[in-house]
Every structure is written in C-alpha cells, then in structure tokens.
Amino acid sequence: MSVVLTILKITGIVILCILGLLLVILACLLFVPIRYQAELKAPEEGPKTYAVRVSWLLRFFAFEKRMNEEDFFIRIGFIRLKAKNKEKKKEEEAGEEKPQEKKSSGKKSLEKKSEDKDGDQGTKKKKKAKKGFSLKSLSDIMNIIQDDNDKRAIGLILQEIKRLIVKLLPRKLACHFIIGTGDPCSTGYLFGAFSIVPPVYGPKVNLYPDFERRQLTGYGKVAGGLQLIYLVLVVLRLYRDESIQRAYRKFMKKKKV
C-alpha cells in the first residue's frame with residue numbers, strides 16, 4: 001500500500017510541476033511585451049544611418065538591423081540568421097536578367113507584337129471586371145452601414161483600433177533635429193502641424209526649423225511595446241459582441257448570394 005501511495009505522490013508532483021511550467025510559459029507569452037526600438041542618425045556630412053529592432057521574450061526572438069550594418073538579421077536564441085535586403089535582391093536579379101534579355105530580345109520582339117493585340121483586349125476586359133466588382137462591393141458595404149446594428153459594430157471596431165494605436169505609441173521618445181524643406185512657407189506649415197501633436201514638443205524632444213535650407217540633421221530614438229494579452233482581450237471583446245456577430249452573419253449571407 002505504501003508503494004502505491006509513493007507512486008501516486010510522485011506522479012502528482014510531476015503533474016503539478018508540468019502544469020506550473022505550462023502556466024509560466026503561458027504567462028510569459030501573454031504578459032512579456034513585444035518591444036520595438038528605432039534609432040536614426042543624420043549628420044550634416046556623411047550618410048544617414050539607422051537601426052531597427054523588434055524583439056520578444058527578452059530578445060529571444062528578434063528582428064533587427066544594427067547601426068553599422070546594411071543587412072537585416074533574424075535572431076532565435078543564440079542563432080543569428082541573415083536576411084537579405086530587398087534592394088540588394090533587386091540589384092542581383094537585375095544583374096542576372098540583363099545578359100539573358102540581350103540573347104532573347106530578338107525572339108521576344110516578334111512574339112510581343114502578336115501578343116500586344118490580345119493583351120490589350122484582355123486588359124480592357126479585366127479593367128471592366130475590376131470596376132464592376134469594386135462598385136458592387138462598395139454598394140454592399142454602404143447597404144450594410146445603413147443599419148443601426150451595423151453602425152454600432154463598426155463603431156466598436158474603430159474604438160478598439162484607436163485603443164490599439166494608443167497602446168502602440170512610443171513610451172520613450174528622444175530626438176534633436178533641425179528640419180528644413182527649402183521653402184519658408186512649407187517649413188512653417190510643417191512646424192504648425194507638429195505643434196498640434198501632443199508628444200512632439202516634450203521635455204526630450206527638440207525640433208528646430210531651418211527656413212533657408214533643405215535639410216534633416218540630428219539624432220532620434222523611439223521605443224515602445226505591446227503585450228499579447230491586450231490583443232487577446234480585444235479579439236474576445238469583439239467576438240463576444242452581439243452586434244458584430246450579426247453584422248458578420250449578414251455580410252456572409254450577402255456574399256454567398
């Protein structure tokens with residue numbers, strides 16, 4: 001009997017340890033924020049450099065570009081993988097395609113002439129189809145918005161989007177820039193627009209106009225984050241709302257018809 005009790009005791013301890021470990025992992029996934037950070041250096045002489053980092057779980061997962069590097073990197077734990085820049089990819093592809101285009105240019109020129117006529121007719125038909133589809137979908141959306149229930153659903157979605165934008169706003173913002181568009185009038189309009197935005201003229205934010213030259217010089221740093229638990233709560237609130245469920249069912253019925 002004592003052997004059975006000890007076995008049950010050990011299995012219970014093991015199950016509790018596994019459940020505790022799962023709860024810790026779930027709490028880390030939901031409450032550890034996804035952080036973003038961006039930095040820009042724009043000297044008066046020399047090229048502008050920037051750094052970007054999006055990280056999660058204390059930088060266990062990260063997508064980053066360092067200040068003195070041209071390529072982007074994906075990091076998983078201690079493994080750092082190189083991701084090619086899009087501009088470099090386009091240059092390499094263009095360099096490979098040029099010799100092939102020279103060889104096949106004579107053959108393709110004759111084929112293009114015969115295909116141009118068919119292509120023009122096909123493109124006209126496609127444009128007509130796209131226009132008809134867009135007008136029909138727009139009219140369906142306008143009919144849906146006219147209902148009071150659907151208006152309430154759209155209002156809730158817009159409200160959640162505003163809250164999400166507020167959560168995504170940077171918590172740390174520090175910069176010192178001299179900005180000039182080359183035109184005194186447009187520079188004045190630009191700084192007038194800056195004055196409307198509350199976080200622009202903070203204690204660590206210094207923006208100075210240059211009404212004579214076109215320039216962007218200085219230094220700036222932005223950092224913020226968002227917890228996944230907030231996204232989960234947003235999805236649950238929208239999913240449980242009756243007006244959104246009705247609007248979704250109504251839209252799917254009209255789509256099937």
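Below, each value reflects all heavy atoms present in this structure, side chains not excepted, and no hydrogens, waters or symmetry copies.
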Practice prompt. Spell out, yes or no, whether Ile229 and Leu164 are grouped together once hydrophobic residues are joined by side-chain heavy atoms under 4.5 Å, including indirect joins.
Written response: no
Response to the item:
Contacts of Tyr230 meeting ring pair (Phe, Tyr, Trp, His ring centres under 6.0 Å) (sequence neighbours excluded), chain-then-number -> none
Fill in: Any Leu81 side-chain heavy atom under 4.5 Å of Phe73 side chain
no
Worksheet entry | Summary of ring-ring contact (aromatic ring centres under 6.0 Å, His included) pairs that have at least one residue in residues 8-36, sequence neighbours excluded | none
Worksheet item: When hydrophobic residues are tied together by side-chain contacts of less than 4.5 Å, even through go-betweens, does Trp56 share a cluster with Phe60?
Response: yes
Worksheet item: Do Val166 and Arg163 come close enough that some side-chain heavy atom pair is under 4.5 Å?
Response: no
Run the side-chain donor-acceptor check on residues 37-49: report pairs under 3.5 Å with partners two or more places apart or on a different chain.
residue: Gln37; atom: OE1; partner: Arg53; partner atom: NH1; Å: 3.4
residue: Glu39; atom: OE2; partner: Tyr219; partner atom: OH; Å: 3.1

Worksheet item: For Leu228 and Leu231, what are the C-alpha separation, side-chain angles and deciding distance, and is it a side-chain contact (heavy atoms from CB on, under 4.5 Å)?
Response: CA-CA 5 Å; Leu228 283 180; Leu231 294 176; 3.9 Å; yes
Discussion item. Would you say CZ of Arg171 has more than 12 non-hydrogen atoms from neighbouring residues, nucleotides or ligands within 6.0 angstrom?
Written reply: no
Practice prompt. Locate the shortest heavy-atom distance separating Arg80 from Arg66; write the atom from each residue and the value.
Written response: NH2-NE, 3.2 Å
Discussion item. Looking at every non-hydrogen atom in both residues, tell me the closest pair between Cys175 and Gly220 and how far apart they are.
Written reply: CB-CA, 3.6 Å
Practice prompt. Classify the angle between the aromatic ring planes of Phe72 and Tyr50 as parallel (below 30°), tilted (30 to 60°) or perpendicular (above 60°).
Written response: tilted
Worksheet item: Between CG of Asp210 and CD1 of Ile178, what distance do you get to the nearest 0.5 Å?
Response: 7.0 Å
Distance-only donor-acceptor hits, side chain of residues 10-30, under 3.5 Å, sequence neighbours excluded:
residue: Thr11; atom: OG1; partner: Ile7; partner atom: O; Å: 3.0
residue: Thr11; atom: OG1; partner: Leu8; partner atom: O; Å: 2.8

Response to the item:
For Arg75, the salt bridge (Lys or Arg N to Asp or Glu O under 4.0 Å) test, sequence neighbours excluded, returns none
Response to the item:
Interatomic distance, CZ@Arg35 vs CD@Gln227, rounded to 0.5 Å, equals 8.5 Å
Worksheet item: Just wondering, do Lys204 and Lys172 contact through their side chains at under 4.5 Å, heavy atoms?
Response: no
Worksheet item: Ile179 and Tyr208: side-chain contact (heavy atoms from CB on, under 4.5 Å), yes or no, with the steps?
Response: CA-CA 6 Å; Ile179 303 170; Tyr208 301 100; over 6 Å; no
Item to complete: Calculate, to the nearest 0.5 Å, the distance between atoms CD1 and NZ belonging to Ile74 and Lys82 respectively.
Response: 13.0 Å
Worksheet item: Would you say Lys221 has more than 12 foreign heavy atoms packed within less than 6.0 Å of its NZ?
Response: no
Worksheet item: What distance separates Ile76 CD1 from Phe61 CZ, expressed to the nearest 0.5 Å?
Response: 6.5 Å
Worksheet item: Any chain of hydrophobic side-chain contacts (each under 4.5 Å) joining Leu169 to Val52?
Response: no
Worksheet item: Please, which pairs that meet side-chain hydrogen bond (donor to acceptor under 3.5 Å, both in side chains) have at least one residue in residues 181-192, sequence neighbours excluded?
Response: Thr181-Ser186, Thr181-Thr187
Discussion item. When you compare the side chain of Arg152 with that of Asp241, does any pair of heavy atoms fall below 4.5 Å?
Written reply: yes
Practice prompt. Any chance you could lay out the salt bridge (Lys or Arg N to Asp or Glu O under 4.0 Å) test for Arg59 and Glu64, step after step, and finish with the verdict?
Written response: CA-CA 10 Å; Arg59 298 185 185 178; Glu64 61 183 359; over 6 Å; no
Worksheet item: Is Phe194 linked to Leu216 within one hydrophobic cluster, defined over Ile, Leu, Val, Met, Phe, Trp and Tyr using a side-chain heavy-atom separation of less than 4.5 Å?
Response: yes
Worksheet item: Can you get from Phe177 to Phe211 by hopping between Ile, Leu, Val, Met, Phe, Trp and Tyr side chains that sit under 4.5 Å apart?
Response: no
Response to the item:
d(Ile161 CD1, Leu156 CG) to nearest 0.5 Å is 11.0 Å
Practice prompt. Mind listing the closest non-hydrogen atom pair of Asp71 and Ala83 along with its distance?
Written response: CB-O, 4.0 Å
Worksheet item: Looking only at atom types and distance, does a side-chain atom of Lys151 sit under 3.5 Å from a main-chain N or O of Gly155, one as donor and one as acceptor?
Response: no
Discussion item. Tell me whether the count of non-hydrogen atoms from other residues, nucleotides or ligands lying under 6.0 Å of CD in Glu212 goes above 12.
Written reply: no
